[in-house]
Amino acid sequence: MTFKPAKWPRKLRSQEWFGGTSKDAIYHRGWMKNQGYPADLFDGRPVIGILNTFSELNPCNAHLNDLAERVKHGVYEAGGFPVIVPVFSVSESGFRPTAMMFRNIAAMAVEETIRGQQMDGCVLLVGCDKTTPSLLMGAASVDLPSICVTGGPMLNGHFRGEKIGSGTHLWKFSEAVKAGEMTAEEFVEAEASMSRSPGSCNTMGTASTMASMAEALGMALSGNAAIPAVDSRRRMMAQLTGRRIVQMVKDDLKPSDIMTRHAFENAIRTNAAIGGSTNAVIHLLAMAGRVGIDLTLDDWDKLGRDVPTIVNLMPSGKHLMEEFFYAGGLPVVIKRLGEAGLLNKDAITVSGKSMWDEVKDVRNWNEDVILPTEKALTQSGGVVVVKGNLAPDGAVLKPSAATPALMQHKGRAVVFEDIDDYKARIDDEDLDIDETCVMVLKNCGPRGYPGMAEVGNMGLPPKVLRKGITDMVRISDARMSGTAYGTVVLHTSPEAARGGPLAVVRSGDMIELDVANRRLHLDISDAELAQRLAEWKSPVERPNGGYAQLYHDHVQGADKGADMDFLVGCRGNAVGRESH
Ligand code: FES
């Protein structure tokens, strides 16, 4: 793949606002000058929007103002004009009913923020789970030169001599409390030990996965994903990113040049190699939709199948992002894909160089963190897509986080109609359930929850946990936190709230999961299934106005990336008429 840089100098988009001596130009420039900008900043140099997802209610991104200043330095050094622009910041740990419900409104707001204002290029300053995909989606739909820089992961957590990871140990400790192995006081003591520095989750959860996806797609500078938030090299990366975007504008190197089908294939394989979050499936499908790439769930199953998971990080393995960085980080993994013939080497990155040129000379500094292939966590990493009469449009499972013995399993369904039903009954000692059962949770999909909550890894019943059992087959239309683990079938499509077959599963039905044959089967006759579906009525009420109603009416299924139907596609950067 070759990219031919545009000619420079040429007239940039921002000059439609700032160029000339008309009343409109003076209006646009003059008001900006109230900030003390010298006149030559408006002379036609690239105007770079630093889209900043800083928010004190988004703790993973609360340190981004410092990085924004570093980006600014870089832009000035390269001869650009940087402006920091705050954008919608979706916090995973705060937003209700779910952060996922707001990914699309954030993407829509980002798209309009870019298109409607005087920018020639963008730096996407992101961190927490939804901020990375929402800004990449918005930028892709505008298609101005854009580059991503993430805030970086938190330092390792430590508790009583043990290394503990964001999220992963929250689930572990929570189960330990339920099983009577840990007190509530100890649980509280662990919380500060888990989050002891600025940054995003330090496991290979969704934030680290999406940072890795941005890099594997070629949308961030090589080496960006793993640098800890508080490491001085994170600031350096921000500054270099600022320098780079100016040249990208001059070259007119756009997301559509970088986020090609080859780039998505690289990202899917990278996700398999790192044991990345199942959330990446949804976000990459949505991002591909924004640049018009026809990516499907089947691509995920096919492309990840032969890729061993070689990154030994929680939740699939034992280390954390700090060790991953010290071992060499994502470039080492991408190089390994290239050596194995599993990389589109010629994919162009934000650097203007090919992906292979970026990674070919890196070294692995720790083979216990980035494992030799023969010691891989699983030889067939990636995300498995199962289909069948219970999931006609597919459902996903992450084999590296699952129990091998449960990947072929037939069991009696114990059904929870929604998350409230689950919470009300799961601790009941009289619940008719044992470890051979299949737990089924409905109405937690994009429309059902709403927003597709991360509850698919629903905790096991206490009476099962007390036997020392830590995993059971669980099936839902929900998502699962990237920091979680278990034999968990997720994103079942169509979701229950749309009348997918999941909606009519009853307690006592037999369900068969056969990962090797990619099958998820509800053991009732076709006639019985059709009869139940004909009698089904949606339990979900249409919200009464506002964004919730817009979301309900337009969100697509998980198999389509849960983007809004009217936001799919690239709408370009042309602006409307002058405002005055
Ligand atoms: Fe923000 Fe995990 S909660 S990165």
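Numbers for residues simply follow the sequence, beginning at 1. First listed ligand is number 1; within each ligand, the first listed atom is number 1.
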Student: Got a donor-acceptor contact below 3.5 angstrom from the Asp477 side chain to the His491 backbone?
Tutor: no
Student: Can you sort out the partners of Lys442 under salt bridge (charged side-chain N to carboxylate O under 4.0 Å, His left out), two or more places apart, ordered by chain and number?
Tutor: Glu417
Student: Check whether more than 12 heavy atoms from other residues, nucleotides or ligands sit under 6.0 Å from atom CD of Glu162, and answer yes or no.
Tutor: yes
Student: With a cut-off of 2.8 Å, which protein N/O/S atoms are close to atom 2 (Fe) of ligand 1, if we only count those under it?
Tutor: Cys201 SG
Student: Name all residues meeting the salt bridge (charged side-chain N to carboxylate O under 4.0 Å, His left out) criterion together with Lys398; count only those two or more places apart in sequence or in a different chain, and write none if there are none.
Tutor: none
Student: Show the atom names and distances, to 0.1 Å, of all donor-acceptor pairs under 3.5 Å that link a side chain in residues 212-220 to residues at least two apart or in another chain.
Tutor:
residue: Ser212; atom: OG; partner: Ser208; partner atom: O; Å: 2.8
residue: Glu215; atom: OE1; partner: Asn224; partner atom: N; Å: 3.1
residue: Glu215; atom: OE1; partner: Ala225; partner atom: N; Å: 2.7
residue: Glu215; atom: OE2; partner: Gly223; partner atom: N; Å: 2.7

Student: Which label fits Phe102 and Phe95: parallel for a plane angle under 30°, tilted from 30 to 60°, or perpendicular past 60°?
Tutor: tilted
